[in-house]
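Quick note on labels: first sequence line is chain A, next is B, and so on, each numbered from 1.
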Number of protein chains: 2
Amino acid sequence: MNRQVKTTPRKRPRQDRAKATVDTILAASARVLVKRGFDGFTTNEVASAAGVSIRSLYQYYPNKEALVAALLEQHVEEMSAMLMGELARVSLLPMAQAVRVVIEMTIKAHAVEPELHRVLTEQVPRVGRLARIRELDVLGHRAVTELLKVRQHELAIRDPELSAFLLCTSIEAIVHRAVLVAPEWLRDPRLVDEACALVTRYLGVADG
Amino acid sequence: MNRQVKTTPRKRPRQDRAKATVDTILAASARVLVKRGFDGFTTNEVASAAGVSIRSLYQYYPNKEALVAALLEQHVEEMSAMLMGELARVSLLPMAQAVRVVIEMTIKAHAVEPELHRVLTEQVPRVGRLARIRELDVLGHRAVTELLKVRQHELAIRDPELSAFLLCTSIEAIVHRAVLVAPEWLRDPRLVDEACALVTRYLGVADG
DNA sequence: TGGCAATGTGAGTAATCACTCGCATTCTGG
DNA sequence: CCAGAATGCGAGTGATTACTCACATTGCCA
């Protein structure tokens, strides 16, 4: 039974000055989170790192979790925006190319603030609103499902939704693991080639 | 900079009575961890849930993290034992069957205490010795690499190590995600079939 | 059977840290 | 231009909780 706490921001900044403050706080949060890890993350340090009063921090975020949640949401938002935009565009490409583009975009999305990404995924407990990190996946799955449905006639699959689940999960895991274990692999074209092969062979389309 | 703490057990139980105590403590830890989540996990509650003095707990584990680390190690050990034993045996089977067996074993391994598994993977920060949850993967990768190497002549792959990385990561992620999102899928034979297809098609062997 | 090692016991403390108290200053829209 | 709203400012407290203090009892081997 986990205590549930409100994690929505307390109030929105209205003036520009306040927006700047909030941005400063978020940026400082990211720095502190990366530097200290989730355990060592204290609101007091965030405030002083941001150069604002602890009081100001609590004016906008009701508690510590809300702060981390905001950070996480921002991060997910960035990655999401990057992926979804591209996903819409690839529906015109030949399948093999589409696959490659999506995989490369996934890599690119993971390259945004990889250190923050690491802490958020490895150390932040997936509890309450902090579980929202998964919504990114859900959206991605849905988009890929659609893509597979539309082109099912040229593919060797029976159930687009199931296949989308397998493929999204696999690719995400591969990229994710690579980022955490050995980021340099992501520059190695062989990894991308093999990942493409994994997908295209499964789908039964000619390799790119 | 995360503070590092000793996470090795303080001393080993010598008499049977002591072994029983330690087991009780570990079992209680698991219960409390599942019930309260990692945040709510307090050593005092563990002690009282185990029906032993807090003092006894600290006689064997120097701190909270060591306790969780022990739990995690035990869990990894169980899963690991299950998988590795089987991995050795499949080297005689036809490839398609071997693939299926390994996938089914992976599912079986994840079915051991799934709730504890969830908490350990979702909430326990991967810091210090707690990062050891990954050693399981490393061992698995190595074994699969060997398997692929031995049978490379019948497979459509160039680099067994790279391919092992892709396949292990994918399968683990698929099973893992399924456990967390919708455990009932694991009873659906279609999921297993598709996972097998993903692997066999990539390897270029006839579907089982 | 006696002596030594191993074991078990709970109240209390010290430290940490999330979060709250009211008031002066700055902006903005009428 | 002014009135009401928005903003910014730390020291301190209350709660939580990991961990420590010494001694009686039990098991084991000589």
- [ ] Round to a whole Å and report the spacing from CD of B:Gln15 to P of D:dC29.
- [x] 9 Å

Open item on the list: Counting neighbours of CD on A:Glu77 that are heavy atoms of other residues, nucleotides or ligands and sit closer than 6.0 Å, is the number greater than 12?
Closed with: no

Task: Stepwise salt bridge (Lys or Arg N to Asp or Glu O under 4.0 Å) test for B:Glu115 and B:Arg118 - done: CA-CA 5 Å; B:Glu115 278 172 322; B:Arg118 172 187 285 265; over 6 Å; no

Open item on the list: Let's see if you can work this out: which of C:dC19, D:dC19, C:dT7 has an atom nearest to the side-chain heavy atoms of B:Lys64?
Closed with: D:dC19

Open item on the list: Taking the six-membered ring of A:Tyr58 as reference, does the cationic atom of A:Lys11 (NZ for Lys, CZ for Arg) lie under 6.0 Å from its centre and within 45° of its axis?
Closed with: no

Task: Rounded distance (Å) that lies between atom P of D:dT17 and atom CG of B:Leu57 - done: 16 Å

Open item on the list: Rounding to an integer number of Å, can you tell me how far B:Leu67 CG sits from D:dC19 C1'?
Closed with: 13 Å

Task: B:Tyr58 OH - C:dT13 P separation (whole Å) - done: 17 Å

- [ ] Rounded to the nearest angstrom, tell me the gap between atom CG in B:Asn63 and atom C1' in D:dT20.
- [x] 14 Å

TODO: Would you give the length of the straight line joining atom OH of A:Tyr60 to atom CG of A:Leu67, rounded to the nearest 0.5 angstrom?
DONE: 13.5 Å

Open item on the list: Please compare B:Thr42 and A:Pro13 by the position of their nearest nucleotide in DNA chain D and report the one closer to 5'.
Closed with: A:Pro13

Task: Whole-Å distance separating the CG atom of B:Asp16 from the P atom of D:dT26 - done: 17 Å

- [ ] Establish, with yes or no, whether the OP1 or OP2 oxygen of D:dA18 is under 4.0 angstrom from a side-chain nitrogen or oxygen of B:Tyr61.
- [x] no

Open item on the list: Measuring from atom CD1 of A:Ile107 to atom CZ of A:Arg187, what distance do you get when rounded to the nearest 0.5 angstrom?
Closed with: 10.5 Å

Task: Distance in angstrom units between B:Phe41 CZ and D:dC19 P, rounded - done: 11 Å

Task: Distance in angstrom units between A:Glu45 CD and C:dA18 C1', rounded - done: 14 Å

TODO: In sequence, state the C-alpha distance, the side-chain angles, and the governing distance for A:Arg36 and A:Glu45, and then conclude on salt bridge (Lys or Arg N to Asp or Glu O under 4.0 Å).
DONE: CA-CA 10 Å; A:Arg36 303 281 184 194; A:Glu45 184 170 357; 3.0 Å; yes

Task: Test side-chain hydrogen bond (donor to acceptor under 3.5 Å, both in side chains) applied to A:Tyr202 and A:Ser163, step by step - done: CA-CA 9 Å; A:Tyr202 169 67; A:Ser163 295; 2.8 Å; yes

TODO: For DNA chain C, find the residues of residues 46-56 of chain B with a heavy-atom distance under 4.0 Å and give them by number; none if there aren't any.
DONE: B:Val52, B:Ser53, B:Ile54, B:Arg55, B:Ser56

Open item on the list: Taking only side-chain N and O atoms of B:Arg17, does any of them lie within less than 4.0 angstrom of OP1 or OP2 on C:dT7?
Closed with: no

- [ ] State whether B:Thr43 places a side-chain N or O below 4.0 Å from either non-bridging phosphate oxygen (OP1 or OP2) of D:dA18.
- [x] yes

